[in-house]
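Single-structure report; data block below.
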Amino acid sequence: MKTKIKLIVLAAAQKAFEKGLLPSDQIPDMEIEEPKHNLQGDFSSNFAMVSAGLQKMAPRKIAENIVSNIEPQDYIEKIEVAGPGFINFFLSNCAWYPVVDQVLEQDKSFGASNMGAGQKVQVEFVSANPTGPLHVGHGRGAAVGDAVGNILSFAGFDVQKEYYINDSGRQIRTLGTSVWLRLLEMEGKEIIFPEDCYKGAYIKDLARNLIEKEGKNFSNQDEETAISLCAKFAADKILGGIKSDLSEFGVTFDNWFSEQSLYDSNRVQKAIEDFTARDLIYEEEGALWFRTEDFGDEKNRVVVRNNGLTTYFASDIAYHGHKYERGFDRVIDVWGADHHGYIKRIDAAVVASGTKSEQFEVILVQLVNLLRGGKPVQMSTRSGEFVTLKDIVDEVGMDAARFMFLSRSYDSGLEFDLELAKQKNSDNPVYYVQYVHARITGILLKARDEGLVEQIEFQKGEQLEMLTAPEEIKLIKLLAGFGEQVEKSADTLHPHVIFTYLMSLASAFHGYYNKYKVITDDKAVSKARLSLVLAVKKVIRNGLYLLGVSAPERM
RNA sequence: GCGCCUGUAGCUCAGCUGGAUAGAGCAACGGACUUCUAAUCCGUAGGUCGCAGGUUCGAAUCCUGCCAGGCGCACCA
């Protein structure tokens with residue numbers, strides 16, 4: 001509809017120019033937008049204002065010349081010039097009816113777009129070290145990454161969701177040591193538990209599991225062997241837990257990528273050699289440094305320490321290089337905001353490997369403040385005790401948790417109130433939206449029982465011209481705008497755009513529902529309203545799907 | 001000190017790729033169920049868009065400088 005209006009304006013501008021009413025046929029960047037107030041029409045063009053300088057003419061005068069040259073259309077009721085020179089279009093109701101049929105026909109693909117044109121995109125998210133269970137922050141990252149993936153895919157991108165497993169290096173060894181020490185402790189030995197070891201209660205559980213599995217005499221082994229066995233056992237176990245927690249959270253990955261595999265295939269080594277050969281890496285004080293400064297970083301970064309061990313950054317260089325080798329045009333990493341200092345150096349690695357900086361994007365997800373009834377939930381990093389993602393999903397449910405995580409822009413910190421997320425009323429946005437879906441199903445079931453419709457699903461609207469109430473037209477307009485919101489969400493990589501959209505659609509529906517009966521004595525009106533309401537149901541479902549939230553038939 | 005994010009109603013936040021009278025939810029107050037699900041709706045009230053400049057027909061939105069809060073600034077991951 002927007003593009004239609006735009007073409008009309010352009011045609012009128014051309015005509016006005018030919019008639020000599022406009023001095024120039026230059027067309028500036030103009031916008032067709034939906035005004036906030038109904039009095040200002042359904043669509044509005046700022047053409048006159050943005051071309052004022054070009055035409056050397058007063059905006060209102062330009063607007064009038066445009067309006068007088070617009071071909072009349074049956075779906076346009078009137079056109080006005082208003083304010084500083086807006087051209088406002090008022091559409092007749094019949095302009096909107098086709099939207100209902102589009103929704104019903106296109107069904108699950110309504111709102112989809114081809115803006116991505118099949119471009120290959122990888123979204124990497126969560127990627128938590130397998131050294132402990134996922135916590136709240138990971139939950140937000142998981143919800144965001146998963147939703148961004150869904151949205152990009154719906155917008156026509158070829159998306160792969162990936163989890164990077166840091167299954168190599170020092171933190172895994174530390175994990176092994178932690179478990180080993182707890183194990184010795186359980187067997188009555190005196191131990192000193194170092195500061196840098198993992199302190200959570202889950203470490204003791206792992207030690208216990210290991211004793212059960214391997215028997216009592218495990219501690220007699222040579223320490224080195226024991227620690228690496230502990231590490232392997234613990235990492236596998238924890239990763240298994242992470243996978244199952246994520247799947248209970250409704251998050252699935254297309255690929256789990258192992259850091260260790262980069263070493264096994266010599267990719268890390270090759271990356272270092274390649275950069276060294278190109279003088280991007282130099283030696284100083286026994287360590288190898290990558291000249292990230294040359295790419296805009298504050299200082300150069302170590303890739304191999306003077307003890308010969310590679311840093312995490314070294315495998316990250318190889319990892320990101322490998323992503324592009326796998327054919328991704330765009331790579332999106334979802335990180336916690338506390339990692340922002342890392343962006344420049346990865347960007348340096350990407351650019352040094354011959355990829356354009358624009359092909360690498362980082363979504364920084366701000367921190368989550370966990371509350372219970374408005375009061376902060378105590379989380380002690382010292383003792384290693386924290387509220388896990390699993391705790392939250394168990395307590396409030398997957399749908400409520402996901403919806404809450406996606407309710408705000410990830411650029412802002414998030415207050416997550418467990419009490420609020422559990423409430424089953426309008427305070428809790430997830431039920432507000434899901435309720436629309438369930439309510440409509442109820443209506444459709446009743447309509448079927450009364451013989452008004454054969455099935456609760458159908459592909460063609462009926463008697464749509466009976467939809468004349470302003471609330472009905474407003475609903476259709478909202479449906480018509482879904483695709484644009486999907487594109488905006490995909491373009492900005494911000495899933496909360498979909499959240500906001502769903503809230504306004506739900507609000508419009510609930511208002512309508514309370515004011516009008518869908519099933520009335522008038523058969524034609526009932527059929528029209530059933531068509532509209534089914535369309536609303538489908539769009540709600542499509543939107544919820546993008547956020548990874550279920551659309552229940554009954555509540 | 002440097003970098004990233006944030007500052008909008010009492011609270012939590014939308015709006016920020018510039019548009020007309022800045023929106024929603026909660027909290028407050030007053031209403032609506034013999035009705036397709038009240039997990040809902042309707043109404044009232046609530047604002048120097050952190051502060052100061054600048055850009056222009058027009059700034060919550062863009063630029064600069066302050067102020068405040070969060071998070072980072074390792075041969076850690």
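This is a predicted model, so every value here is computed, not measured. All chains are named by letter (A, B, ...) in the order of the sequence lines, taking the proteins before the strands, and each is independently numbered beginning at 1. Values below: every heavy atom of this structure, side chains too, minus hydrogens, waters and symmetry copies.
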Response to the item:
Side-chain atoms of A/Glu285 come closest, of B/rA14, B/rC36, B/rC75, to B/rC75
Discussion item. Categorize A/Asn88 for me: base, sugar-phosphate, or nothing, with a 4.0 angstrom heavy-atom threshold over every strand shown.
Written reply: base
Practice prompt. Please work out whether B/rC33 sits syn or anti, treating a glycosidic angle within 90° of 0 as syn.
Written response: syn
Worksheet item: Any donor-acceptor pair under 3.5 Å between the side chain of A/Thr311 and the base of B/rA74?
Response: no
Discussion item. Any base atoms under 4.0 Å from A/Ala58, or only sugar-phosphate, or nothing? Heavy atoms, all strands.
Written reply: nothing
Discussion item. Measuring from the side chain of A/Asn514 (C-beta onward, heavy atoms only), which nucleotide among B/rC41, B/rC36, B/rU6 has the closest atom?
Written reply: B/rC41
Discussion item. Ignoring hydrogens and geometry beyond distance, is the side chain of A/Asp196 in donor-acceptor contact with the base of B/rA77 at under 3.5 Å?
Written reply: no
Worksheet item: Would you say the side chain of A/Asn306 and the base of B/rC75 hold a donor-acceptor pair, judged only by whether the two atoms sit under 3.5 Å apart?
Response: yes
Worksheet item: With under 30° as parallel and over 60° as perpendicular, where do the rings of A/Phe403 and A/Phe499 fit, or are they tilted in between?
Response: tilted
Worksheet entry | Spacing of the C1' atoms in B/rU61 and B/rC29 (rounded, Å) | 34 Å
Worksheet item: Does a donor on one side chain sit under 3.5 Å from an acceptor on the other, for A/Gln171 and A/Thr131?
Response: no
Discussion item. Can you tell me which nucleotide in B/rC16, B/rA38, B/rG19 comes closest to the side chain of A/Phe86?
Written reply: B/rG19
Item to complete: Would you please classify the geometry between the A/Phe360 ring and the A/His320 ring as parallel, tilted or perpendicular, with 30° and 60° separating the classes?
Response: perpendicular
Item to complete: Could you tell me how the ring of A/Tyr342 sits relative to the ring of A/Trp335: parallel (under 30°), tilted (30 to 60°) or perpendicular (over 60°)?
Response: perpendicular
Practice prompt. Using the six-membered ring wherever Trp is involved, compare the ring planes of A/Tyr516 and A/Tyr512 and label them parallel, tilted or perpendicular (cut-offs 30° and 60°).
Written response: tilted
Worksheet entry | Closest nucleotide among B/rG3, B/rC75, B/rC36 to the A/Trp289 side chain | B/rC75
Worksheet item: Looking at B/rC41, B/rA77, B/rG72, which one has an atom nearest to any side-chain atom of A/Tyr432?
Response: B/rC41
Worksheet, complete the sentence: Checking B/rC41, B/rC57, B/rC5 against the side chain of A/Met49 (C-beta onward), the nearest is B/rC57
Worksheet item: In terms of side-chain heavy atoms of A/Ile519, which of B/rU17, B/rU6, B/rC36 is nearest?
Response: B/rC36
Worksheet item: Is the backbone of A/Lys344 close enough, under 3.5 Å, to the side chain of A/Asp297 for a donor and an acceptor to pair up by distance?
Response: no
Discussion item. Just to be sure I follow the notation: if a pair is Watson-Crick (purine N1 to pyrimidine N3 plus N6-O4 or O6-N4) or a G-U wobble (N1-O2 and O6-N3), each under 3.5 Å, what dot-bracket string does RNA chain B give, with | for pairs to another strand?
Written reply: (((((((..((((.....[...)))).(((((.......))))).....(((((..]....))))))))))))....
Discussion item. Counting the atoms with a prime plus P, OP1 and OP2 as sugar-phosphate, which does A/Lys344 contact under 4.0 Å by heavy atoms, base, sugar-phosphate, or nothing?
Written reply: nothing
Discussion item. Side chain of A/Pro84 only, heavy atoms from C-beta on: which candidate in B/rG70, B/rG19, B/rA77 is closest?
Written reply: B/rG19
Fill in: Listed nucleotide nearest any side-chain atom of A/His37, set B/rC13, B/rU21, B/rC2
B/rU21
